[in-house]
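Encoded as structure tokens, the structure appears first; notes follow it.
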Amino acid sequence: DAPTDAPTPAPRCAGMRVCVEDGSTHADAVMSVLPGATVTFSPSKSSMYQTFADGFCNVIAGDQFDVAESVVRGAGTFSGDYETDDSGGKFHTRDSLAMVTRDDDLLWSDFVNWVLQALLAAEEKGLTADSKSSLGETDVFGEEYSNMFDAAIRAVGNYGEMYERNLTPIVPRTTINQINGDGEFGGLIFSHPFGSTDAKGPRPAEGGTIQAIVDRGRLRCGITRRAGFAEFDSERQTWYGLDVDYCRALSAALFDGVHSTIVFTNLPATERFLALARGDVDVLSRITTVTLARDVSEPASGEGFSFSPPNFYDGLSFGGLPPYGECADNLDTSGQCEGLKICVNDGTTFLKKLQEMLAQRYIKPMPTGEASVHGLSSGECNAIAGGVQDVSEGSVKGSSGGLGPDEPYEVGSRRFSKDPLALVTKQNDPQWSAFVYWVVASTFYAEENGITQADADKRMPAVELFGPLYMRMFKDAVLAVGNYGEIYERNIESLVPRSGLNLLNTDPFGPQHYPLPGI
């Protein structure tokens with residue numbers, strides 16, 4: 001428990017000698033956390049524990065399981081006095097542990113990921129190894145794996161059962177390792193650690209998407225017109241919104257800080273995946289939900305896709321003319337609600353969910369989200385379904401062709417689905433998918449560390465993981481559009497005040513596990 005916020009250890013800790021496993025994220029961090037200490041880098045965990053037992057070091061650096069007393073004593077011959085900081089000790093790194101697969105077998109990577117998602121989903125739904133209930137069948141990996149999720153749960157139980165059986169005897173389950181399903185316990189905006197920013201990676205692959213974009217001189221970004229996410233200023237002849245800002249961040253990261261080298265394509269929901277699969281656009285930045293089917297084998301295109309970290313957590317909501325907004329929110333079609341007619345954007349997860357809840361005669365699919373809003377004023381429907389921003393009063397009354405400012409309108413209070421929205425890339429170019437993923441993550445990192453558009457040039461890290469030409473990619477992305485909080489405040493705050501899952505998850509951390517929809 002020696003202080004670690006001084007340039008050198010305090011006098012009582014001057015003899016500190018630290019053992020750490022070489023090649024771990026802790027090895028990368030320990031020198032900056034304890035700059036004045038003597039550090040021994042051990043080739044393995046067993047070697048680290050033996051070195052500690054032999055007295056060559058008096059401190060072990062590692063994760064909470066590495067340093068647990070029962071593990072240290074059970075690993076070797078150490079029998080002396082031992083202490084851990086049990087008084088709310090500080091974590092000096094952020095280590096999001098995961099299973100790892102090669103990126104040249106995309107189907108296997110998806111398979112592994114969705115088995116993990118099933119373990120989390122089972123806990124969220126209260127299904128255990130002994131449950132007679134089921135997560136249901138899936139055909140995305142083929143008929144022979146239709147019962148894969150239930151088979152996994154029967155074999156090992158849900159995530160909570162696995163944790164209780166294997167880890168609780170060592171370290172009780174902490175809050176960050178619990179399920180966060182609806183934002184009641186805080187946000188999910190969380191940047192995974194960058195690791196060693198000194199590491200050098202390969203240049204853009206020959207024939208890959210990054211090189212094609214640079215050779216073309218333009219990023220092709222698929223968007224959809226939606227209040228707060230992508231709107232067009234006819235006077236300035238420019239697009240703006242949260243989705244647009246992420247296109248601009250990518251442009252800046254690719255083109256040395258120039259955030260305007262973009263061709264925007266306004267895509268309806270029914271065409272978006274086909275356009276990406278054909279190569280008409282390089283990336284979708286247009287309110288798209290991450291789901292099992294879309295990740296593995298999206299029905300319209302027959303292809304799987306890669307997703308960035310979600311940059312907006314949404315859910316099916318209702319609004320409408322009184323009393324139909326309340327009717328829809330209560331799923332009531334009786335009495336005065338008998339005439340309920342709900343407009344909803346075709347080709348979306350919202351339509352699919354709505355069809356599960358109400359008979360088709362109460363539903364009117366519309367070609368776009370804008371058309372759904374227009375349906376209220378034209379009389380085609382008396383309620384609308386969509387994301388929380390879609391049905392907000394500001395969106396419905398601020399839209400051209402929407403309701404007038406004085407017309408009655410009511411918004412429901414419930415959310416009926418989980419819709420984590422993310423950027424989407426083709427799955428066959430892992431380097432480009434990773435580029436997009438980490439540009440999005442960099443805006444989260446910036447907000448977590450108090451880095452803004454004004455000081456990003458000095459404070460965002462330089463990286464060479466995509467080659468020396470992209471050392472400034474994180475700096476230029478945040479310089480162009482700001483951190484996540486700035487992006488949200490500029491585009492969404494007036495429609496949907498920031499709350500729940502769209503908040504940062506920072507120390508003290510709230511639950512971070514979030515089973516993705518589709519299981």
Side-chain angles (χ1 to χ4, degrees), residues 23 25 28 94 96 98 100-106 109 190-222 245-263 276 279 281-285 305-311 422-449 451 453 456-484 487:
T25 54
D28 293 335
R94 299 169 57 158
S96 306
V100 185
T101 56
R102 291 162 55 108
D103 64 10
D104 60 357
D105 189 340
L106 303 174
S109 298
F190 179 93
S191 172
H192 295 296
F194 288 161
S196 174
T197 54
D198 295 331
K200 293 179 171 56
R203 295 172 181 269
E206 190 69 30
T209 306
I210 296 176
Q211 193 60 56
I213 293 169
V214 172
D215 291 345
R216 186 192 311 130
R218 290 286 187 274
L219 169 70
R220 299 177 305 187
C221 209
D245 275 352
Y246 275 100
C247 295
R248 298 197 186 284
L250 288 171
S251 172
L254 287 162
F255 293 105
D256 298 319
V258 180
H259 60 74
S260 57
T261 50
I262 311 168
V263 174
L276 182 57
V281 294
D282 304 307
V283 61
L284 297 178
S285 182
F305 295 92
S306 295
F307 293 84
S308 75
N311 62 356
L423 278 68
V424 192
T425 53
K426 292 179 67 171
Q427 204 173 38
N428 63 358
D429 190 341
Q431 188 181 51
W432 170 235
S433 296
F435 191 98
V436 172
Y437 184 101
W438 287 105
V439 167
V440 173
S442 74
T443 66
F444 301 168
Y445 173 92
E447 185 180 11
E448 289 168 347
N449 290 276
I451 302 170
Q453 192 171 14
D457 191 44
K458 294 180 179 179
R459 299 184 58 198
M460 286 298 288
V463 293
E464 284 193 58
L465 289 170
F466 294 92
L469 295 178
Y470 300 100
M471 288 182 63
R472 289 182 52 88
M473 58 183 287
F474 294 157
K475 293 177 182 286
D476 288 336
V478 179
L479 276 170
V481 298
N483 65 40
Y484 180 77
I487 296 169

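Just so you know, residue 1 is the first one in the sequence shown, and it goes up from there. Here the structure is a predicted model, which means the values were calculated and not measured.
The main-chain N or O of R220 is found under 3.5 Å from a side-chain atom of D282 such that the two form a donor-acceptor pair. A donor-acceptor pair under 3.5 Å links the side-chain atoms of R459 to the main chain of N449, judged by distance alone. Within the 3.5 Å criterion, the main-chain N or O of R102 finds a donor-acceptor partner in the side chain of S109.
Remark: N311 engages no residue in a side-chain hydrogen bond (donor to acceptor under 3.5 Å, both in side chains) (not counting sequence neighbours). For E464, the side-chain hydrogen bond (donor to acceptor under 3.5 Å, both in side chains) test picks out no residue, with sequence neighbours left out. With sequence neighbours left out, the ring pair (Phe, Tyr, Trp, His ring centres under 6.0 Å) criterion links Y445 to F194. Every residue two or more places apart in sequence or in another chain was checked for a side-chain hydrogen bond (donor to acceptor under 3.5 Å, both in side chains) with N428, and none qualifies. With sequence neighbours left out, the side-chain hydrogen bond (donor to acceptor under 3.5 Å, both in side chains) criterion links T443 to Y246. Taking F307 as the reference, nothing meets the ring pair (Phe, Tyr, Trp, His ring centres under 6.0 Å) condition, with sequence neighbours excluded. Scored by the side-chain contact (heavy atoms from CB on, under 4.5 Å) test, S306 finds T425, Q427, S433 as partners (sequence neighbours excluded). For D457, the side-chain contact (heavy atoms from CB on, under 4.5 Å) partners are R472, K475, L479, not counting sequence neighbours. With sequence neighbours excluded, the residues satisfying side-chain contact (heavy atoms from CB on, under 4.5 Å) with T261 are R218, S251, F255, V258. Among residues two or more places apart in sequence or in another chain, the side-chain contact (heavy atoms from CB on, under 4.5 Å) test is passed with V481 by D245, R248, A249, I487, R490.
Note: M460 CE to T197 OG1 = 10.5 Å, rounded to the nearest 0.5 Å. For the atom pair CG (L250) and CD1 (I262), the distance works out to 8.0 Å, reported to the nearest 0.5 Å. Taking OG of S442 as the start and CD1 of I451 as the end, the distance is 9.5 Å to the nearest 0.5 Å. The NE2 atom of H259 sits 14.0 Å away from the CG atom of L254 when rounded to the nearest 0.5 Å.
At a threshold of 4.5 Å between non-hydrogen side-chain atoms, the residues Y484 and E448 do not count as touching.
The shortest non-hydrogen separation linking A422 to P310 is CB-CA, 4.0 Å. The shortest non-hydrogen separation linking Q431 to F466 is O-CE2, 3.5 Å. The shortest heavy-atom contact between F190 and S96 is CE2-OG, 3.5 Å. Shown here for D476 and G257, the closest heavy-atom pair between the two residues is OD2-N, 3.4 Å. Closest of all the heavy-atom pairs between Q453 and A480 is NE2-O, 3.0 Å. Here the closest non-hydrogen pair linking V281 and L276 is O-CD1, 3.5 Å.
The aromatic rings of W432 and F435 lie parallel to each other, their planes meeting at an angle below 30°, with 60° marking the opposite boundary.
Residue L423 is tested with S285, C247, C221 for a side chain to side chain contact (heavy atoms under 4.5 Å, CB included); the sole match is S285.
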Give the table of side-chain donor-acceptor pairs shorter than 3.5 Å for residues 199-214, with sequence neighbours excluded, one pair per line with atom names and distance.
{"from": "T209", "atom 1": "OG1", "to": "D429", "atom 2": "OD2", "distance (Å)": "2.7"}
{"from": "Q211", "atom 1": "NE2", "to": "D215", "atom 2": "OD1", "distance (Å)": "2.9"}

